[in-house]
Amino acid sequence: MKPGHFPEGTGGAVGRDFFARDPRRVARELLGKVLVRREGGELLAGRIVEVEAYLGTGDPAAHAAAGPTPRNSVIFGPPGHAYVYFIYGNHYCLNVSCQPGGTAGCVLIRALEPLAGVQAMARARGVALKGLRDLRKLTSGPGRLAEAFGITRPRDNGKDLTNRAAGLWIADDGFRPRRIHTTPRIGIRKAAERQLRYILPDNSFVSGKKL
DNA sequence: ATATCGATTATCT
DNA sequence: GATAATCGATATG
């Protein structure tokens with residue numbers, strides 16, 4: 001899979017019904033979709049190549065496990081909205097809420113293959129693009145992709161990702177993955193054995209691989 | 001090449 | 001006071 005092409009206007013936004021389902025189903029089908037940010041004439045786009053499913057109150061590893069709080073309220077709300085949280089004092093991470101309103105569930109977006117706005121992403125990340133290898137530093141990891149897209153909690157938490165007018169949305173350009181693998185989720189201690197991480201094994205932008 | 005560790009804050013015990 | 005859905009820098013083989 002080569003660094004791609006994403007002309008403006010390619011692909012419509014994924015609709016509400018897509019997200020109103022079990023996070024495991026949503027996670028699997030999000031692979032290959034495109035995260036798009038368009039604001040102030042700047043276009044950023046990246047293909048989703050790695051995600052994790054976080055289930056509802058019954059999943060000990062999920063932020064939803066403790067019930068609704070001010071921090072996690074978005075994942076108890078309507079589907080297709082951005083849940084953005086701050087972790088390790090340094091990084092924001094982007095999730096999409098799943099399930100109908102009132103039922104918790106979300107998908108964490110963990111890695112993207114850059115498609116458009118590479119220069120802007122490099123600037124946002126403070127990365128010098130010397131070679132193709134440096135592209136991996138832009139969006140291969142949840143904190144990295146958030147920084148590359150300028151995603152923060154004050155700015156983006158609660159945004160409707162099915163609405164292009166919000167400036168941040170998920171598009172379907174028709175790409176369909178050939179293969180999908182599942183693995184345990186990264187960086188958790190509870191329910192650590194569950195196979196709820198979904199990746200495109202043929203894509204070099206999946207996090208954790210060698211540089 | 002792998003291993004360890006510090007940064008820095010929201011949330012919970 | 002401890003921990004966390006991370007990253008990047010530094011140390012060491």
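Reminder, nothing fancy here: chain letters follow the sequence lines and each chain counts from 1.
In this structure, the side chain of Arg125(A) does not engage the main chain of Met121(A) through any donor-acceptor pair within 3.5 Å.
Hydrophobic clustering places Leu129(A) together with Leu44(A) (ILVMFWY residues linked when any side-chain heavy atoms are closer than 4.5 Å, directly or through intermediates).
Every salt bridge (charged side-chain N to carboxylate O under 4.0 Å, His left out) that Arg25(A) has, sequence neighbours left out, goes to Glu29(A). Listed by chain and number, the residues in a side chain to side chain contact (heavy atoms under 4.5 Å, CB included) with Arg123(A) are Glu42(A), Ala120(A) (sequence neighbours excluded). A search for side chain to side chain contact (heavy atoms under 4.5 Å, CB included) contacts involving Thr103(A) returns Gln99(A), not counting sequence neighbours. Under the salt bridge (charged side-chain N to carboxylate O under 4.0 Å, His left out) criterion, Lys159(A) pairs with Glu39(A), Asp156(A), not counting sequence neighbours. Judged as a ring-ring contact (aromatic ring centres under 6.0 Å, His included), and not counting sequence neighbours, the contacts of Phe86(A) are Tyr92(A).
Heavy atoms of Leu108(A) sit under 4.0 angstrom from at least one base atom. Residue contacts for Arg185(A): at a heavy-atom cut-off of 4.0 Å it reaches no nucleic acid atom on any strand shown.
Running 5' to 3' along DNA chain C, contacts with non-hydrogen atoms of chain A at under 4.0 Å begin and end at dA4(C) to dG8(C).
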Counting only pairs under 3.5 Å, give me each side-chain donor-acceptor contact of residues 189-201 of chain A, with atom names and distances, residues two or more places apart or in other chains.
from: Arg197(A); atom 1: NE; to: Glu50(A); atom 2: OE2; distance (Å): 2.9
from: Arg197(A); atom 1: NH1; to: Thr183(A); atom 2: OG1; distance (Å): 3.1
from: Arg197(A); atom 1: NH2; to: Glu50(A); atom 2: OE2; distance (Å): 3.1

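Counting all heavy atoms, side chain and backbone alike, Pro78(A) lies closest to His81(A) at O-CD2, 3.4 Å. For the pair Gly12(A) and Arg164(A), the tightest heavy-atom approach, listed with the atom from each and the gap, is CA-NH1, 4.5 Å. Smallest separation of non-hydrogen atoms from Thr162(A) and Ala13(A): O-CB, 3.7 Å.
When each of Val107(A) and Val127(A) is assigned the nucleotide of DNA chain C with its nearest heavy atom, Val107(A) is the one assigned upstream, toward the 5' end.
Rounded to the nearest Å, the gap between the C1' atom of dA5(C) and that of dA3(B) is 22 Å.
No cation-pi contact links Arg16(A) to Phe19(A), judged by a cut-off of 6.0 Å to the six-membered ring centre and 45° from its axis.
Of the residues in residues 188-199 of chain A, Ile188(A), Arg189(A) come within less than 4.0 Å of DNA chain C through at least one heavy atom, sorted by number. Residues from residues 55-68 of chain A that place a heavy atom under 4.0 Å from any atom of DNA chain C, listed by number: Ala61(A), His63(A). Annotation: proximity of residues 83-106 of chain A to DNA chain B (heavy atom, distance under 4.0 Å) is found for Phe86(A), Tyr88(A), Gly89(A), Asn90(A), numbered in ascending order.
Other residues sharing the hydrophobic cluster of Tyr85(A), ordered by chain and number and joined by side-chain separations under 4.5 Å: Tyr54(A), Val74(A), Ile75(A), Phe76(A), Tyr83(A), Ile87(A), Tyr88(A), Leu108(A), Ile188(A).
Stems are defined here as 3 or more consecutive Watson-Crick or G-U wobble pairs with pairing distances under 3.5 Å; those involving DNA chain B are B:1-7 with C:6-12, B:9-12 with C:1-4.
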